[in-house]
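Index from 1, following the sequence.
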Amino acid sequence: MTEHKLDFDAAIFDMDGVVTQTAAVHSIAWKRMFDEYLRSRAARYGEPLREFTHAGDYLSYVDGRPRYKGVEAFLKSRGISLPLGSPEDLPGTETICGLGNRKNAIFNQVLESEGVSLFDSTIALIEEMRQRGIKIGLATSSNNSAIVLNKTGTAHLFATVVDGIVSAKLGLKGKPEPDIFATASANLGVPPARAIVIEDAVSGVQAGARGGFALVIGVARDDNERELRDNGADVVVRDLAETSLEQINRLVQHKRARA
């Protein structure tokens, strides 16, 4: 049986929660950092202590966003205003950057002690796409992509990586703006209309939808199918094992025919 040509040329994957099982590590690190900080405020100012939660805070304010933007969004939700500070601030300094750096230090500690697992179904899909000549990119807000890809031995799968470090260098806006996906697509030499985006964060599917991509697939790891669909995902699955390359190709065709 001859394989027909596919109707898209590139696939751009988010990392945490799509390729690697690091979203849980991020959530733990954010909670530890914010709860420490909220406890210190409760002790100093007598503010009532309302702990950081995964469902109410992580998914709403920090998931998928660049680190300092996540700190700022969560603090704003609690009516807390802090100076930005500088990326060089020591972890734990009472600035947005200092708190973000503390979160990163905790993330690296947890990563070191517990390691990182992969989503096998995602790796299998990437391997199949590569065999069919699809170019693969990684677009992530994380500054830790090199460490994570190295630890999991997956760096060779991605022809381009646009992460937080690249974004800072190029002055790219974070999700929900489409900059990191558009840059990954351009690096692969493929226009967005011929590339698909695979994301698990609301801010990520919003970015994919704004970027004019051929298809945006939402991966609902947190029972958040509805939010992903409402914010721009063309199709939502709980795991990529629920779909296939042929099905994805048909969805691209249908979306293009409707445009």
Worksheet item: How would you list all residue pairs meeting ring pair (Phe, Tyr, Trp, His ring centres under 6.0 Å) that involve residues 143-164, not counting sequence neighbours?
Response: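 Qualifying pairs, neighbours excluded: none.
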Discussion item. Suppose the criterion is ring pair (Phe, Tyr, Trp, His ring centres under 6.0 Å): which pairs have a residue in residues 185-244, not counting sequence neighbours?
Written reply: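 Of all non-adjacent pairs touching residues 185-244, none passes ring pair (Phe, Tyr, Trp, His ring centres under 6.0 Å).
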Worksheet entry | More than 12 heavy atoms of other groups within 6.0 Å of R32 CZ |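 At most 12 heavy atoms, drawn from other residues, nucleotides or ligands, come within 6.0 Å of this atom.
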Is the backbone of [Y] close enough, under 3.5 Å, to the side chain of [X] for a donor and an acceptor to pair up by distance?
X    : Y    : answer
N231 : E227 : yes
S86  : E88  : yes
S117 : Q21  : no
R229 : G218 : no
T93  : L90  : yes
S185 : F181 : no
D222 : N224 : no

Practice prompt. Under the side-chain contact (heavy atoms from CB on, under 4.5 Å) rule, collect the residues that match up with R210, sequence neighbours excluded.
Written response: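 Partners of R210 under the side-chain contact (heavy atoms from CB on, under 4.5 Å) test: P176, E177, P178.
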Check whether any side-chain heavy atom of [X] lies under 4.5 Å from a side-chain heavy atom of [Y], and answer yes or no.
X    : Y    : value
V219 : F119 : no
V25  : V116 : no
V19  : T140 : no
F8   : L215 : no
I248 : M129 : yes
D16  : S142 : yes
L157 : L138 : no
L188 : D9   : no

Which residues pass the side-chain hydrogen bond (donor to acceptor under 3.5 Å, both in side chains) test with [X], sequence neighbours left out?
X    : answer
S27  : H54
K103 : H26
E36  : R102
S40  : R44

Is there a path from [X] to [Y] through hydrophobic residues (I, L, V, M, F, W, Y) whose side chains come within less than 4.5 Å of each other?
X    : Y    : value
V197 : I134 : no
L170 : V161 : no
Y37  : W30  : yes
I12  : V18  : no
L240 : I123 : yes

Worksheet item: What residues form a salt bridge (Lys or Arg N to Asp or Glu O under 4.0 Å) with D234, not counting sequence neighbours?
Response: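 Expected list: K255.
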Practice prompt. Return the set of residues passing salt bridge (Lys or Arg N to Asp or Glu O under 4.0 Å) with E246 (not counting sequence neighbours), or none when no residue passes.
Written response: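 Partners of E246 under the salt bridge (Lys or Arg N to Asp or Glu O under 4.0 Å) test: R132.
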From [X] atom [atom1] to [Y] atom [atom2], the distance as rounded to the nearest 0.5 Å:
X    : Y    : atom1 : atom2 : answer
I126 : L245 : CD1   : CG    : 12.0 Å
L125 : D239 : CG    : CG    : 10.0 Å
Q206 : L228 : CD    : CG    : 10.0 Å
D223 : L59  : CG    : CG    : 10.0 Å

Worksheet entry | Heavy-atom pair with the smallest gap, counting every atom of Y61 and G56 |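 Looking at all heavy atoms of both residues, the closest pair is CE1-O, 3.7 Å.
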Worksheet item: Please walk me through it: do V235 and T243 pass side-chain contact (heavy atoms from CB on, under 4.5 Å)?
Response: CA-CA 10 Å; V235 60; T243 188; over 6 Å; no
Discussion item. Going by side-chain contact (heavy atoms from CB on, under 4.5 Å), P66 matches just one of S167, S203, S141. Which one?
Written reply: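 Of the listed options, the one satisfying the test is S141.
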Discussion item. Tell me which pairs pass salt bridge (charged side-chain N to carboxylate O under 4.0 Å, His left out) where either residue lies in residues 45-58, with sequence neighbours left out.
Written reply: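 Only K31-E51, R39-E51, R41-E47, D57-R78 qualify under salt bridge (charged side-chain N to carboxylate O under 4.0 Å, His left out).
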Worksheet entry | Sequence neighbours excluded, every pair satisfying salt bridge (charged side-chain N to carboxylate O under 4.0 Å, His left out) that has a member inside residues 153-175 |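 Qualifying pairs: D14-K175, K175-E199.
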Worksheet item: Is R250 salt-bridged to D7, going by a charged N under 4.0 Å from an acidic O?
Response: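 D7 and R250: not salt-bridged.
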Solution key, residues 67-75 side-chain donor-acceptor pairs under 3.5 Å, sequence neighbours excluded:
| from | atom 1 | to | atom 2 | distance (Å) |
| --- | --- | --- | --- | --- |
| R67 | NH2 | N104 | OD1 | 3.2 |
| Y68 | OH | N101 | OD1 | 2.6 |

